[in-house]
Amino acid sequence: MVDSQDSTLDLVHPNTCLIEVAEVIQNLQHPVNPHWDATRNTLYFVDTNSSTVHLYHPETQTHNQTQIFPIGDPISFIIPVQNQGDSFLVAHGLQLCILYWDGSDSANVSIDVITTAYQKEKDFHFIGGKVDRHGQLYVGSQAPKNILRNIEKPTGVIYSYKPFGSLKVYLTGLGLVTGLGFEPYGSGLYITDSIKNTVDRFDKDVKPDFSLSNQQNILNHNINDMDGKVYGLTVDSNGKLWIALYDGGQ
């Protein structure tokens with residue numbers, strides 16, 4: 001789905017069941033973490049290499065983008081804030097921020113930091129996040145690219161964050177969490193780990209602390225006769241998993 005250099009973002013129409021894959025946006029560098037907003041019929045995503053946030057309207061084929069300053073720490077995801085049209089939750093390095101953007105192309109934007117994660121290893125940053133049906137955010141961290149391939153001990157972390165609350169360490173001992181997805185009724189959480197090349201499922205309690213239990217390995221891609229690394233997933237309304245393969249073209 002995503003290539004590291006001059007890649008394109010492929011959008012699959014929901015009624016085609018993968019019969020058609022259409023190229024809709026060109027000249028991107030590293031587009032990641034698409035978020036579909038059904039209320040606005042709009043796709044949001046970020047390009048981490050260029051520190052840009054993007055939106056795409058399939059009906060009008062409108063594509064707008066704007067750059068986040070200061071450039072340096074990666075922008076890793078964008079999620080609309082409910083009932084606040086011009087406000088978005090974004091991750092900038094290890095900071096969670098509110099981005100104010102009217103959606104217009106090359107717009108001037110402002111950004112407020114709401115909380116920052118502490119991780120003793122240097123140069124880590126957030127990589128992707130999802131919000132559950134209760135409004136709690138789950139976000140994974142990533143080691144710098146230059147040491148990812150030499151990791152001996154998994155140091156990736158998933159944090160949780162409640163609005164007006166604090167950022168908490170939720171799950172440790174992970175490699176590279178590139179995908180998070182919830183079952184339709186919120187009882188399960190799926191995670192793709194691109195270092196381990198696995199997909200795991202956890203039972204997710206809805207009270208009192210949204211804790212995880214009963215870890216189950218759903219897919220170990222190391223033993224499959226297929227190219228690529230698991231790199232991102234989503235769960236549809238029927239509870240089916242859709243898993244992307246990096247460097248596998250599937």
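Sequential numbering from 1 along the given sequence is applied to the chain's residues.
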Spacing of [atom1] belonging to [X] relative to [atom2] belonging to [Y], to within rounding of 0.5 Å:
{"X": "Ile243", "Y": "Ile218", "atom1": "CD1", "atom2": "CD1", "answer": "9.0 Å"}
{"X": "Ser50", "Y": "Asn27", "atom1": "OG", "atom2": "CG", "answer": "11.5 Å"}
{"X": "Leu99", "Y": "Ser87", "atom1": "CG", "atom2": "OG", "answer": "8.5 Å"}
{"X": "Leu43", "Y": "Trp36", "atom1": "CG", "atom2": "CH2", "answer": "6.5 Å"}
{"X": "His125", "Y": "Ser141", "atom1": "NE2", "atom2": "OG", "answer": "9.0 Å"}
{"X": "Thr192", "Y": "Leu180", "atom1": "OG1", "atom2": "CG", "answer": "7.0 Å"}

Would you name the heavy atoms of [X] and [Y] that are closest together and state the gap between them?
{"X": "Ala117", "Y": "Leu167", "answer": "CB-CD2, 3.3 Å"}
{"X": "Tyr231", "Y": "Ser194", "answer": "CD1-OG, 3.5 Å"}
{"X": "Pro184", "Y": "Asp236", "answer": "CG-O, 3.7 Å"}
{"X": "Val46", "Y": "Ile75", "answer": "CG2-O, 3.5 Å"}
{"X": "Ile111", "Y": "Cys97", "answer": "CG1-CB, 3.5 Å"}
{"X": "Asn222", "Y": "Lys196", "answer": "ND2-O, 2.8 Å"}

Looking only at atom types and distance, does a side-chain atom of [X] sit under 3.5 Å from a main-chain N or O of [Y], one as donor and one as acceptor?
{"X": "Asn214", "Y": "Phe202", "value": "no"}
{"X": "Lys204", "Y": "Leu189", "value": "no"}
{"X": "Asp193", "Y": "Thr198", "value": "no"}
{"X": "Asn33", "Y": "Ser76", "value": "yes"}
{"X": "Asn238", "Y": "Lys240", "value": "no"}
{"X": "Asp47", "Y": "Leu28", "value": "no"}

In the structure I gave you, are the side-chain heavy atoms of [X] and [Y] within less than 4.5 Å of one another anywhere?
{"X": "Phe182", "Y": "Tyr190", "answer": "no"}
{"X": "Leu233", "Y": "Trp242", "answer": "no"}
{"X": "Leu219", "Y": "Leu241", "answer": "no"}
{"X": "Asp247", "Y": "Asp227", "answer": "no"}

**Report entry** Stepwise side chain to side chain contact (heavy atoms under 4.5 Å, CB included) test for Val230 and Leu245
**Finding:** CA-CA 5 Å; Val230 294; Leu245 296 181; 4.0 Å; yes
Query raised in the report: Between Leu137 and Val113, is there a shared hydrophobic cluster once you connect ILVMFWY residues whose side-chain heavy atoms come closer than 4.5 Å?
Result: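 No; tracing contacts between hydrophobic side chains, which count when under 4.5 Å, never links both residues.
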Query raised in the report: Going by atom types alone, do Asp112 and Tyr100 pair a side-chain donor with an acceptor below 3.5 Å?
Result: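 Their side chains do contain a donor-acceptor pair, which is all the 3.5 Å distance test asks for.
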Query raised in the report: Can a donor-acceptor pair be found between the side chains of Asp200 and Gln215 at a distance below 3.5 Å?
Result: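 The answer is yes; a qualifying pair exists.
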Report task. List in chain and number order the residues that pass ring-ring contact (aromatic ring centres under 6.0 Å, His included) with His35, two or more places apart in sequence or in another chain; answer none if no residue qualifies. Result ->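 ring-ring contact (aromatic ring centres under 6.0 Å, His included) list for His35, sorted by chain: empty.
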Requested in this report: Please identify each residue that fulfils ring-ring contact (aromatic ring centres under 6.0 Å, His included) with Tyr159, with sequence neighbours left out.
Outcome: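 With neighbours one apart ignored, the set is Phe126.
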Query - Sequence neighbours excluded, every pair satisfying salt bridge (Lys or Arg N to Asp or Glu O under 4.0 Å) that has a member inside residues 87-103 - result: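 Every pair satisfying salt bridge (Lys or Arg N to Asp or Glu O under 4.0 Å) with a residue in residues 87-103: there are none.
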Query raised in the report: Which residue pairs pass the salt bridge (Lys or Arg N to Asp or Glu O under 4.0 Å) test when at least one of the two sits in residues 163-189, sequence neighbours left out?
Result: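 Those involving residues 163-189 are Glu183-Arg201.
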Could you list the donor-acceptor pairs under 3.5 angstrom formed between side-chain atoms of residues 77-86 and any protein atom two or more places apart in sequence or on another chain?
none

Query raised in the report: Where does the angle between the aromatic ring planes of His54 and His63 fall among parallel (under 30°), tilted (30 to 60°) and perpendicular (over 60°)?
Result: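 Because their plane-to-plane angle is under 30°, the rings of His54 and His63 count as parallel.
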Query - Contacts of type salt bridge (charged side-chain N to carboxylate O under 4.0 Å, His left out), residue Arg40, not counting sequence neighbours - result: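 With sequence neighbours excluded, Arg40 shows a salt bridge (charged side-chain N to carboxylate O under 4.0 Å, His left out) to Asp37, given in chain and number order.
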Requested in this report: Tell me, with the steps shown, if Tyr56 and Val24 meet side chain to side chain contact (heavy atoms under 4.5 Å, CB included).
Outcome: CA-CA 9 Å; Tyr56 177 74; Val24 295; 3.7 Å; yes
Report task. Could you give me the CA-CA distance, side-chain angles and deciding distance for Thr66 and Val53, then say whether side chain to side chain contact (heavy atoms under 4.5 Å, CB included) is met? Result -> CA-CA 6 Å; Thr66 194; Val53 293; 3.6 Å; yes
Query raised in the report: More than 12 non-hydrogen atoms from neighbouring residues, nucleotides or ligands closer than 6.0 Å to CG on Asn217, yes or no?
Result: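 Above 12, so yes.
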Requested in this report: Carefully, step by step, assess Ile25 and Phe45 under the rule side chain to side chain contact (heavy atoms under 4.5 Å, CB included).
Outcome: CA-CA 12 Å; Ile25 305 172; Phe45 64 95; 3.7 Å; yes
